[in-house]
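Structure record follows, encoded as structure tokens.
As the structure lists them, so they are numbered: ligands from 1, and atoms in each ligand from 1. Remember, predicted model here, so these are calculated numbers, not experimental data.
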Amino acid sequence: MLRIAVLVSGGGTNLQAIIDGINDGKIRNTKIVGVISNNLGAYALNRAADALIPSCVVSRKNFENRELFEEALLGAVDAVEPDLVVLAGFLVKIPDIMIEKYQGRIINIHPSLIPSFCGVGAYGLHVHEMALARGVKVTGATVHFVDGGMDTGPIIAQKAVMVEPGDTPEVLQRRVMEQAEWVLLPMVIDAIAGGRVVLKDGKAVITEE
Ligand code: GAR
């Protein structure tokens, strides 16, 4: 059984896709052992409560400095003893101490086709604003391993989504979620739980069942 900790900051629709994926058997052999939010007001916490999943809040506001916050965040993750840490709309830079300790065991979902529209400042709705401002005709989502950089770790899976004439950032965000994010993330977690994600020459590969 793959024990996963899911880190969230906001609405938690990707968390919901994981909960639903486990319940309907699309994600096999996996248990969410904890949801951790940096934001007390995150709706994702309601979703965790509804699914009877233990959750906690580690907010930067409650700590004197970044180092203490990062230690507390790592402590909250350690406390649930996860095999895999899933960043599902978690908008905090992951502390180096956590990356070291959980090397190769942290994944992130990003709402674009990396290396487009990623890195510092590219998160949430901003990513879709950037895609529309650039006038791309295809965008999508990426699930990747987290390393010391910002959105630079090995790419595990990507899915393309068409940009349509007249799209607003909100409309495009919704389409990317529906067509890519909520499909990709459960698929990758299931593959990791099945031991089917391997790293070869620094690149991630999903092997056949
Ligand atoms: C998602 O679109 C996710 O890909 C994005 O934030 C949103 C969270 O939505 N993450 C990033 O931009 C990370 N750089 P959710 O809380 O409804 O899952």
Between [X] and [Y], do the side chains contain an N or O donor and an N or O acceptor separated by less than 3.5 Å?
X	Y	result
T152	D147	yes
S9	N38	yes
Y102	D78	yes

Can you list the ligand 1 atoms lying under 4.0 Å from a non-hydrogen atom of [X]?
X	result
N14	1 (C), 18 (O)
G124	11 (C), 12 (O)
A122	14 (N)
E181	1 (C), 2 (O), 3 (C), 4 (O)
G11	16 (O), 17 (O)
T13	15 (P), 16 (O), 17 (O), 18 (O)

Closest non-hydrogen protein atom to atom 14 (N) of ligand 1, residue and atom name please, with distance?
->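 The closest heavy atom on the protein side is H110 ND1, 3.2 Å.
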Report the C-alpha separation of T13 and R47 in whole Å, then their side-chain angles, then the decisive distance to 0.1 Å, and conclude whether the side-chain contact (heavy atoms from CB on, under 4.5 Å) test is met.
-> CA-CA 9 Å; T13 63; R47 297 180 189 274; 3.6 Å; yes
Can you check whether S112's main-chain N or O pairs, donor with acceptor, with T139's side chain at less than 3.5 Å?
->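 Not at all, since once roles are kept as given, no pair shorter than 3.5 Å links the two residues.
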For Q103, does the CD atom have more than 12 heavy-atom neighbours from other residues, nucleotides or ligands under 6.0 Å away?
->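 No, not enclosed.
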Tell me, yes or no, whether the heavy-atom count around K93 atom NZ, taken from other residues, nucleotides or ligands under 6.0 Å, exceeds 12.
->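 Check passes, neighbour count above 12.
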Mark the output for I109 as yes if a heavy-atom distance to ligand 1 is under 4.0 Å, and as no if none is.
->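 It does, in that a heavy atom of I109 comes within the 4.0 Å cut-off of ligand 1.
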Close N or O approach (G12, ligand 1; < 3.5 Å) =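 Between G12 and ligand 1, an N or O pair is found under 3.5 Å apart.
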